[in-house]
Engineer: 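My questions all concern the structure below.
We count ligands from 1, going down the list as the structure has it; atoms in each ligand are counted the same way. Nothing here was measured: the structure is a model prediction, and the numbers come from that model.
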Amino acid sequence: MKYRPINSELFIKNRKNFMAQMKPKSIAVFNSNDIYPIGADSTMPFEQHRDIFYLSGVDQEESVLFLFPDSPNENLREVLFVRETNEHISVWEGEKLTKKAATKTSGIQTIYWLQDLEKVLFEMSTYADTFYINTNEHYRANVETETREDRFSKWLLAKYPAHSVAKSNPILQSLRSVKDQIELDLMQQACNITEKGFRRILDFVKPGVWEYEIEAELLHEFVRNRSKGFAYTPIIASGNNANVLHYTENNQQCKDGDLILFDTAAEYANYSSDLSRTVPVSGKFTDRQKAVYNAVNYVKKEATKLLVPGTIWKEYHVEVGKLMTSELLKLGLLDKSDVQNEDKNWPAYKKYFMHGTSHHIGLDTHDYGLLHEPMQANNVFTVEPGIYIPDEGFGIRLEDDVVIQEQGEPFNLMGNIPIEADEIEDIMN
Ligand code: GLY
Ligand code: MN
Ligand code: MN
């Protein structure tokens, strides 16, 4: 891991909060992700499952966590299994968690090697009535792969058919959406690394530069600051590429007169940041580009003010739609009849702004959070309006990450990252 050690108080508290919501006499189980194969003996880089990370801080494959708050044996209330390490493994694969290191990372006292799992689980199961299993119920989830967690759940329920089953996911969706101060500090670090990357490319962008050269600059800056790299697949979209919302080829040359839309941000300690900025290749916006840019920036500022405790995500999007409609009218992109005749299920503004304005962010870029529940302090959201105009050869999106406060406007974790059009021009020149 490139990141600095995280205070285990965070994971101790997260487990306590989770266990407080479990039914009597129940055991919750959580697994690491698999390491996914590519072909032959090559693999994708390991990415820890965010839930076991949230509950233990353990960032290693083949780890399993059991939580059993009512265990009569107090040593079995929190149990972590990690793969056995030995000298051979440390020579070939490098350092893996020892039992002592696993305790230091997680704050869990009872650590076993993985091969003891079945025996320990059997002992625990005889005192339990219910297993909490962890299925993925994120509103955007679209998973065809059978995860390690899925395989474990199947095995568990087949082996213990007399136990009843409960869902961990709703508990995690609500807990993970409210960030602890330690998490906010980690997210701030991710945003600070993202800022360094963005400032570096403001200096680097010139007519003729290739999108992938910008990607390389960002990656360099992220990794040298202890990030694994991009928090999500980077979008570096010049000219009309910006109008392909999920453009990730990043293989075109940036032309004088075009804009470049960057949706590029660093992770830090598995926490995401999510930034979008749009800058002129030449260092100077045309009047039209600037007018559209300022409209997006205005909608972003006004939308941000709506992110306060009590706001309902769906109603917020309706309000942002109204703000955007009024800007599009001023820009001449819509006229009054477009708005009068609009389909309420797909309002006129969607022609130019067809994605959502905000999503939860945290350990996942599109993080957990129950959308029908009112917003509350320490929820972290992106704010990311855009206007996409293929007929004019450019698209603009601006995106920051903000923390909802008990009172007043949200705190912008990206408040130091240049966004005003004039400021961008000044720095680029
Ligand atoms: N970068 C992904 C998003 O903005 O939602
Ligand atoms: Mn983004
Ligand atoms: Mn986003």
Engineer: What is the name of the N/O/S atom in E384 that sits closest to the Mn ion (ligand 3)?
Structural biologist: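 Among the N, O or S atoms of E384, the one closest to the Mn ion (ligand 3) is OE2.
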Engineer: Can you name the atoms of ligand 1, numbered from 1 with element, that are less than 4.0 Å from a heavy atom of E399?
Structural biologist: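 Numbered from 1, ligand 1 contributes 4 (O).
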Engineer: So, is H359 placed with an N/O/S atom under 2.8 Å from the Mn ion (ligand 3), counting both backbone and side chain?
Structural biologist: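 It does; at least one qualifying atom falls short of 2.8 Å.
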Engineer: I'd like to know whether E211 forms a side chain to side chain donor-acceptor pair (under 3.5 Å) with N250, so could you lay out the CA-CA distance, the side-chain angles of the two residues, the decisive distance to 0.1 Å, and finally the verdict.
Structural biologist: CA-CA 5 Å; E211 292 164 351; N250 305 344; over 6 Å; no
Engineer: For L306, does its backbone N or O pair with a side-chain atom of T311 as donor and acceptor, under 3.5 Å?
Structural biologist: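 Yes, the answer is positive, given that a donor and an acceptor are paired below the 3.5 Å cut-off.
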Engineer: Using only heavy-atom distances, determine whether the side chains of S153 and D150 contain a donor-acceptor pair under 3.5 Å.
Structural biologist: no
Engineer: Give a yes/no answer: is there an N/O/S atom of E399 under 2.8 Å from the Mn ion (ligand 2)?
Structural biologist: yes
Engineer: How many degrees, to 10°, between D263 OD1 and D274 OD1 as seen from the Mn ion (ligand 2)?
Structural biologist: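 That angle works out to 100° after rounding to 10°.
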Engineer: Tell me yes or no: between the side chains of T304 and E409, is some donor less than 3.5 Å from an acceptor?
Structural biologist: no
Engineer: For this output row, return yes or no: ring centroids of H355 and Y388 closer than 6.0 angstrom.
Structural biologist: yes
Engineer: So is H366 close enough to ligand 1, meaning a heavy atom under 4.0 angstrom away?
Structural biologist: yes
Engineer: Determine, for Y298 and K330, whether the Lys NZ or Arg CZ falls below 6.0 Å from the six-membered ring centre while staying within 45 degrees of the axis.
Structural biologist: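 Judged by the rule (NZ or CZ under 6.0 Å from the ring centre, within 45° of its axis), K330 counts as positioned above Y298.
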Engineer: Would one find an N or O of D274, backbone or side chain, under 3.5 Å from an N or O of ligand 1?
Structural biologist: yes
